[in-house]
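One structure is given below, encoded as structure tokens.
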Amino acid sequence: MTKTLNIALAGNPNAGKTTMFNALTGARQSVGNYPGVTVEKREGYLQADGYRLNIVDLPGTYSLTAYSQEELVARDYLVNERPQLVIDIVDANSLERNLYLAVQFMELGVPLVLALNMMDEVRKSGKKIDTARLSQLLGTPVVETVARSGEGKHQLIESALERIHGDDSRWKPLEISYGPDIDPVLQEMTDLIRGAEFLTDSYPPRWLALKYLEGDVQIRSMGARAGDIGEALERMARRVTEHCKVTLDTIPEAIIADYRYGYIASVTKQGVLVQRGHQERIIFTDKIDRILTHRFIGPLLMVGVLYGMFMVTFTFGTVPMEWLEAFFAWLADVVTRLTPPGLLQSMLVDGVIAGVGGVLGFVPLIMVMFLGIAFLEDSGYMARMAYMMDRVLRIFGLHGCSVMPFIVAGGIPGGCAVPGVMGARTLRSPKEKLATLLTAPFMPCGAKVPVFLLLGGAFFKGSAATVLFWITIGSWMTALVVAWVLRNTIIRGEATPFVMELPPYRLPTLKGLCIHTWERAWQYAKKAGTVILAISIIIWSFMTFPSLPEATLQDFARQRTAVQSALPAKPDPAAAAAAGRELLRIDGLEAEAALKHSFAGRLGSALESVTLLAGFDWRTNIALLGGFAAKEVIVSTLGTAYAMSDVGEASQGSLSNRLRQDPAWSRLTALSVIIFVMLYAPCFVTVVAMARESSWGWALFSMTYTTLMAFGLSIAVYQVGQYIFPS
Ligand code: GDP
Ligand code: MG
């Protein structure tokens, strides 16, 4: 049996962890969540030397104090799961800053191997690092790597295995001196903790004492639950804090950070940083940034980039989309021919293939878009967009980091609110996160777009792109205004400063782009295979049952027989064509009667008394109700509902023709429906995602307020419109 070893990859954000993770594990990886929190957990494995190495990509952090969820998750993982080793990915371009985290791992005592990553850039910049010396001074293996090309990855694994099997594979905490103000009380607290055995199973005593002085929320609340010991520690921490305030006008936390940096400086100055280099890349990045984040040119360029991405998505995404549509049409055809007419056929063709096909049809579009987003992210530009948008979003109570969730949700039309809502995880402040995920679903997601294209094409002149453009602007404005209202009423609270680090510009790797794109597209496709499949069948059955009573069916059958028997015995093409049309008309009438008789039809009709205020008839109601299950359903349900009630010639036409010819529809109706679809409740899957990211209370709140707002606005537009343009 092969032995399993657990290794965690850790490091500052943008140090190259994920790239190294991909290089090490290739496709052998899976993405999940850390229990109870919404931080992504990426796991993979590789075989080496007869061992199975399980690798976990920890969230990127700058420290191990519980300042953020990422830091907590990383630390809890280390303490609770006790991996055999941590590989700390260090961006060697800024060695000192990155070593800050390394020192904290050493203080925790976990066996460590340092990967000095980005060595290609370091070499190019002329900087020289004496790796052997660094290793000697820190007492930790150090390996030079270039994660992008995989350079050094074998050596990294070798060093890791060596370290695990070496003499000192136990956890051994490093003890740094924190100076005359901190050290004595630190010692006192350490003794106290050791004596009381407070959490000493999991953490080194001195480390716990340090966390008290750093004001660590998690450790302190554990102390509060432990009773006396917690109180004693609190008292001591308070004493030092006061002492530092009086004598040095600072807080212990700052002193601790200073000493840690001092420790690092003492290491790097002892012949580690042989040559400082001329920092070419930083200068290059600064030069580009002078233009790309310029006060006026920057935002203009950003709009250009977004528009370009939008164009690329639609240009390259629609072609394979048509192939997929053709494929599903073919599949429906085959299934129709292979199965006997009846319920099963209807369920497979109208329910399963139409529903799931409708969703999968968007996969190519989504892949192209995610590829673009992955490029913006990996190149470092996305961070600049967040930085520039922060100035605007701040006005509305949002944060620069809200821009990503908005864009992913459809800020550039074609996204999906589900990953958008999940993307709100990057926001640190719970209130800004909540405001973001409550408003991101206003964006025109890929499933709403077909509705806009259909109605825009049928009722409004001008190109589809123009219609979509204005809808997009409207959606953004709504999202921002609603966010502002929410942040000034029920989610009031401080704005947090924008502290996201702007990483240097880099050309993304193809491998990284592919993995990012694939992960997201797969998440989306999985949704089609599971949730949408179930929903499609449910909707189909609501539109099918109960079926028409026997007497009515027989009545339609009699009408058909009458038409057929009225045909003259002699072949007459004109008469046959007329009879064919008549038969189609009867089919249509029957289908309409059946739909109206079904649960969905009854519900739609029952709602009419209210919804007619906004101009929605019973068929539109069915489509909009279906759209709550998944917005993809709106167009397909409209298609079914209107295909069913068609008369004669018009049945040859497209859905948009049919709508135009239907007396129940007008420009005003179309506008009212567009507004409603823009704003009403997010689809079911999004609501579930929202509940997971916040709570069911907020998710239900979101459903209610959006629908009420949408309906109110639709009624207003429809009523005012009718008053101004009476037909
Ligand atoms: P993470 O935030 O630590 O997961 O960092 P990523 O793995 O996402 O890497 C951040 C960026 O650095 C990406 O654009 C990578 O392509 C790039 N990168 C990673 N490793 C290297 C390296 O060794 N050399 C260079 N030049 N770029 C790298
Ligand atoms: Mg990463």
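Both counts, for ligands and for their atoms, begin at 1 and track the order of listing. Throughout, numbering of the chain's residues begins at 1 and tracks the sequence.
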Quick check: does [X] get an N/O under 3.5 Å from an N/O on ligand 1?
X: Pro508; answer: no
X: Ala147; answer: yes
X: Met118; answer: yes
X: Ala15; answer: yes
X: Lys17; answer: yes

Pick one of side chain, backbone, both or neither for how Asp120 approaches ligand 1, counting any non-hydrogen atom pair under 4.0 Å. side chain
Which class fits the ring pair Phe406 and Trp476: parallel under 30°, tilted 30 to 60°, perpendicular over 60°? perpendicular
Would you say the side-chain atoms of Glu71 and Thr65 include a donor-acceptor pair closer than 3.5 Å? no
Against ligand 1, does Gly512 come closer than 4.0 Å with any heavy atom? no
Can you check which of [options] brings a heavy atom nearest to [atom]?
atom: atom 17 (C) of ligand 1; options: Arg506, Glu151, Glu377; value: Arg506
atom: atom 2 (O) of ligand 1; options: Asn117, Asn14, Asn93; value: Asn14
atom: atom 18 (N) of ligand 1; options: Glu144, Arg42, Arg148, Met20; value: Arg148

Any sub-3.5 Å donor-acceptor pair from Lys17's side-chain atoms to Leu58's backbone N or O?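 Answer holds: yes.
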Would you mind listing which atoms of ligand 1 come within a distance below 4.0 Å of any non-hydrogen atom of Val146?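 By the 4.0 Å cutoff, the relevant atoms are 22 (C), 23 (O), 24 (N).
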Can a salt bridge be assigned to the pair Glu81 and Lys41 using a cut-off of 4.0 Å between side-chain N and carboxylate O? no
Does Lys211 come within less than 4.0 Å of Glu214, counting only side-chain N to carboxylate O?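 Yes, Lys211 and Glu214 are salt-bridged.
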Within Asn14, is some N, O or S atom less than 2.8 Å away from the Mg ion (ligand 2)? no
Within the 6.0 Å centroid threshold, strictly below: Tyr261 and Tyr100: yes
